[in-house]
Amino acid sequence: MSHGAPGHATPFHVHQLEDEAFYVLDGEFTFFYDGKQIAVGPGGYVFLPRGIPHGIRCSGSKPSTMLILAVPGTGFVEMMTEMADPALERVLPPNTISDLDKLTRVCSERQIDLLGPLPH
């Protein structure tokens, strides 16, 4: 499960080994892929096969939640675990910019290529 604060976004990226599926539980996320921007609300589903450049922004006005399924997922889970900071309390932390050098290295080791910021 992924929680996003309004405005939080991933870099534009591509998974070489994993397919991803996203199911929005609440709020809204905008998915960027194939030159499109698609806003998805509660109950919405997006499937992105490996090799498709994409990115996601929490575009709702409140914190939003979605399920992420990555198949086979081993590299994705390792990347998320290595980049995560342990929660000290049960609240969303403020939006911060990740250590891009570390993120680039961690993703590269797992065949996830960072392509830059989200398209406009």
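Along the sequence shown, residues are numbered consecutively beginning with 1.
Both Met1 and Tyr23 belong to a common hydrophobic cluster when Ile, Leu, Val, Met, Phe, Trp and Tyr are linked at side-chain heavy-atom distances under 4.5 angstrom. Using a 4.5 Å cut-off between side-chain heavy atoms of Ile, Leu, Val, Met, Phe, Trp and Tyr, with links allowed through other members, Ile68 and Leu103 fall into the same hydrophobic cluster.
Here the CD1 atom belonging to Ile56 is positioned 5.0 Å from the OG1 atom belonging to Thr10, to the nearest 0.5 angstrom. Rounded to the nearest 0.5 angstrom, Met66 CE and Phe29 CZ are separated by 4.0 Å. Taking CZ from Arg105 and CE from Met79, the interatomic distance works out to 12.5 Å, rounded to the nearest 0.5 Å. Expressed to the nearest 0.5 Å, how far CG of Leu67 lies from OG of Ser2 amounts to 9.5 Å. Expressed to the nearest 0.5 Å, how far CG of Leu115 lies from CZ of Phe12 amounts to 6.5 Å.
Every residue meeting the side chain to side chain contact (heavy atoms under 4.5 Å, CB included) condition with Met80, not counting sequence neighbours, appears here in chain and number order: Phe76. Not counting sequence neighbours, the partners of Asp113 by the side chain to side chain donor-acceptor pair (under 3.5 Å) test are Gln16. Every residue meeting the salt bridge (charged side-chain N to carboxylate O under 4.0 Å, His left out) condition with Arg110, not counting sequence neighbours, appears here in chain and number order: Glu78, Glu82.
Sorted by first and then second residue, the salt bridge (charged side-chain N to carboxylate O under 4.0 Å, His left out) pairs with a member in residues 56-65 form an empty list; sequence neighbours excluded.
For Cys58 against Ala5, the heavy-atom pair with the smallest separation is CB-O, 3.2 Å. Across every non-hydrogen atom of Pro63 and Pro6, the tightest pair is N-CD, 3.8 Å. Of all heavy-atom pairs spanning Gly27 and Ser64, the tightest one is CA-OG, 3.2 Å.
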Validation: residues 30-55 side-chain donor-acceptor distances under 3.5 Å, sequence neighbours left out:
| residue | atom | partner | partner atom | Å |
| --- | --- | --- | --- | --- |
| Thr30 | OG1 | Ser59 | OG | 2.7 |
| Gln37 | NE2 | His120 | O | 3.2 |
| Arg50 | NE | Asp19 | OD1 | 3.1 |
| Arg50 | NH1 | Leu17 | O | 3.0 |
| Arg50 | NH2 | Asp19 | OD2 | 3.3 |
| His54 | ND1 | Ile52 | O | 2.8 |
| His54 | NE2 | His13 | NE2 | 3.1 |
| His54 | NE2 | Glu20 | OE1 | 2.7 |

Please set out all donor-acceptor pairs under 3.5 angstrom arising from side-chain atoms of residues 86-93, sequence neighbours excluded.
none

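Under a 3.5 Å cut-off, the side chain of Thr104 and the backbone N or O of Leu100 do form a donor-acceptor pair.
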**Message:** side chain to side chain contact (heavy atoms under 4.5 Å, CB included), that's the test. Do Val71 and Glu18 meet it? Break it down for me.
**Reply:** CA-CA 5 Å; Val71 178; Glu18 291 139 339; over 6 Å; no
